[in-house]
Amino acid sequence: MTENVTLHAAFASHIDVALDALEAAGTLPTGLSRANVAVEPPRDVSHGDLATNAAMVLAKPAGTNPRALAEALSAELVKVPGVTGAEIAGPGFINLKIDHAVWIAELRAIAALGGDYGRSDMGGGRTVNVEYVSANPTGPMHMGHCRGAVVGDALATLLEFAGHKVTREYYVNDAGGQVDVLARSVHLRYREALGEAVGEVPEGLYPGDYLIPVATELAAEFGDKYTAAPEADWLVTFRTRAVAAMLVMIKADLALLGIHHDLFSSEAELQAAGKPEEAEKWLRAHDLVYDGQLEAPKGKTLDDWEPVELPLFRSTRFGDDQDRPIKKSDGSWTYFGADLAYHFQKAASADALVDIWGADHAGTVKRIKAAVAALTQGAGQEKPFEIKLVQMVQLLRNGEPVKMSKRSGNFVTLADVVQEVGKDVVRFTMLTRKPEAQMDFDFAKVVEASKDNPVFYVQYANARIASTLRKGAEAGFAPSGEALDQLGAEELELIKVAAQFPRLVEAAAAAREPHRVAFYLYDLAGAFHAYWNVGNDRPEKRFIVAQDGKLTAARLYLAAQIGQLLKNGLSLLGVEAVEEM
RNA sequence: GCGCCCGUAGCUCAGCCGGAUAGAGCACCAGAUUCCUAAUCUGGGGGCCAUGGGUUCGAAUCCCGUCGGGCGCACCA
């Protein structure tokens, strides 16, 4: 095995070779898809070291029965160096026993590759655009934005590690009505900064104090020039300046979480460049946009509802329950109208698109996917476009829900939470559930120092390793790979968990599920803690055995590699590995 | 009314493209601490994988219905 081919990858190719041999021998028809052939650790360790489902997957298309095919395949697999046994079990699994030397070699691979252990070329350098956060630039980040921000950022890092070129993008909605409200809110604060008594912030404007600094700047720069001027005179200036100020604040909030986007795309610039018009023209030419009337909203009664003729996208053709307007009656673009043009533009610069959205936008998924698919197909450059929905997070304090109200400005800001519990806790916690499930974020639980808290549990494993290496050094022992034959069965169990990391990375990247990395790290930490405690009863199983320098050097080498792996995994999540607790 | 997500142990959750006897943690019970960090570990009890059908050699996993919970259903963003 070369140092760049990890164990699972190597066995995947061994099985490929064995299947080729069966094809050559006529035992297996040629050309069967092997896409579902897997090599994985068996559920029960007594079954062996690695198992493959190849015979079961291929039996049916091959027109044979799984056991017979398994017989033939296992006869090939026992020829592979390092395989010490192959047994057929259950409906047709082949369980392989692997020589200790193979596992030891994998441990050396971790040492040789270091931070690159687990890195994959699965992505083949293809470009993926991950758009996440994209909060409206009307105020600071609050906790409602947090989960999507963390999931998107971890996914971007994971995809990079799995061989993709990733662009982290933030779509700035600086063109809708909400930024006009922002501008008016700032104008009020501007008048206030010039000494006017403005009283309570009226309903419909943003009340937050965070608008005061930019308003004060505008007051200093323009004096009373705009205090009594008609809105048309100042709206664009105030809007532009306010949005810029909000973005500075948002970027600072994101930086607290360790998040940095590569690209901030402006909706206003997109519109100024005429992109939505281009999209509309093409869609009209292909009968996907027409002028028509919207149905009255169902499930709720609107007093002011009246039918109007608008340009509509035929999203009902794609499973939506009604066609959707791309322009408002005043001629300006709807969010959707601009957004489809935006995604079309993004698709031109990447091989694949991934959007991370809050679950409250679930209703708009069908229409945007339909529109983007139509546009990219039409341009002859259809691109995979996935939208990952991230469900709500309920904040709890002492078991009681924390109430948030944007109206009163009483929302929990991201900055406050990061300050209270720390970046690493926020990031790791947000990744300890699959994103499509709702989650609770309990301030008390996430900072608890116990194994109930995965953040802590994983960090503790790394701290123990660091501590052990320090103690070893004090006693004159350094990790060494010279005598790894000293490692026995208990140590191999730990290495087996470690060896799954590369496979885990690829599976998580393929599924776009960074939370799997967090769960894996919890398992790895558990395996480490379990091994560690063997030494409680049996001092000869401790990492540092003073009277046996060779053994100690080998065990410290193992500890160092597990530590390396924890660091690799944590860095995918954007979490620092702590050396001391 | 419609769309999307969820429903797995008392609680909180994993379960990868359908695969072997459904797994963790908490809680509960019984143990381990002159220890390299016991902030941990070992063992035990606890399941109709919401429910009814279907597809399959094989379903927690895929499909359809039902029930329950969440989110959404503007020319907003």
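Proteins get letters first, then strands, A, B, ... in listed order; numbering begins at 1 in each.
In B:C17 the base sits syn relative to the sugar, since the glycosidic angle is no further than 90° from 0.
For the pair A:Arg397 and A:Phe443, the cation sits on the ring face: its NZ or CZ lies under 6.0 Å from the ring centre, inside 45° of the axis.
A:Ser467 comes within 4.0 angstrom of a nucleotide base, judged by non-hydrogen atoms across all strands. Heavy atoms of A:Lys445 sit nowhere under 4.0 angstrom from any nucleic acid atom. At the heavy-atom level, A:Ala530 lies under 4.0 Å from the strands shown only through sugar-phosphate atoms. Contact annotation for A:Ile544: base contact, defined as any heavy-atom pair under 4.0 Å involving a base atom. The residue A:Pro325 sits close only to the backbone: its heavy atoms come under 4.0 Å of sugar-phosphate atoms, none of a base. A:Ser332 comes within 4.0 angstrom of nothing in the nucleic acid, heavy atoms only.
If you take CZ of A:Arg367 and C1' of B:G72, they are 10 Å apart, rounded to a whole angstrom.
For the pair A:Phe456 and B:A39, the ring geometry qualifies as stacking, because the centroid separation is below 5.5 Å while the planes lie within an angle under 30°.
Residue-to-nucleotide contacts include a donor-acceptor pair under 3.5 Å from the side chain of A:Asn533 to the base of B:U40. Applying the 3.5 Å distance criterion, the base of B:C75 shares a donor-acceptor pair with the side chain of A:Ser329.
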Atom pairs and distances, donor-acceptor, side-chain atoms in residues 358-367 of chain A, under 3.5 Å, two or more places apart:
residue: A:Thr364; atom: OG1; partner: A:His361; partner atom: O; Å: 2.8
residue: A:Lys366; atom: NZ; partner: A:Gly319; partner atom: O; Å: 3.3
residue: A:Arg367; atom: NH2; partner: A:Gly363; partner atom: O; Å: 3.4

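Along RNA chain B, the nucleotide nearest to A:Ile94 and the one nearest to A:Asn173 differ in position, and the one closer to the 5' end is contacted by A:Ile94. Nearest-nucleotide assignment on RNA chain B puts the 5′-proximal partner with A:Val37, out of A:His361 and A:Val37.
One finds a side-chain N or O of A:Lys328 lying less than 4.0 angstrom from the OP1 or OP2 phosphate oxygen of B:A77. Residue A:Lys369 has no polar side-chain atom (N or O) positioned under 4.0 Å from OP1 or OP2 of B:C4.
Using a 4.0 Å cut-off between a side-chain N of Lys or Arg and a carboxylate O of Asp or Glu, A:Asp548 and A:Arg542 do not qualify as a salt bridge. Under 4.0 Å is where a charged nitrogen must lie from a carboxylate oxygen, and between A:Arg284 and A:Glu280 at least one such pair does.
Contact check for A:Phe477 versus A:Phe543: no side-chain heavy atoms found under the 4.5 Å cut-off.
The A:Glu40 side chain lies nearest to B:C16 when the options are B:C16, B:G72, B:C6.
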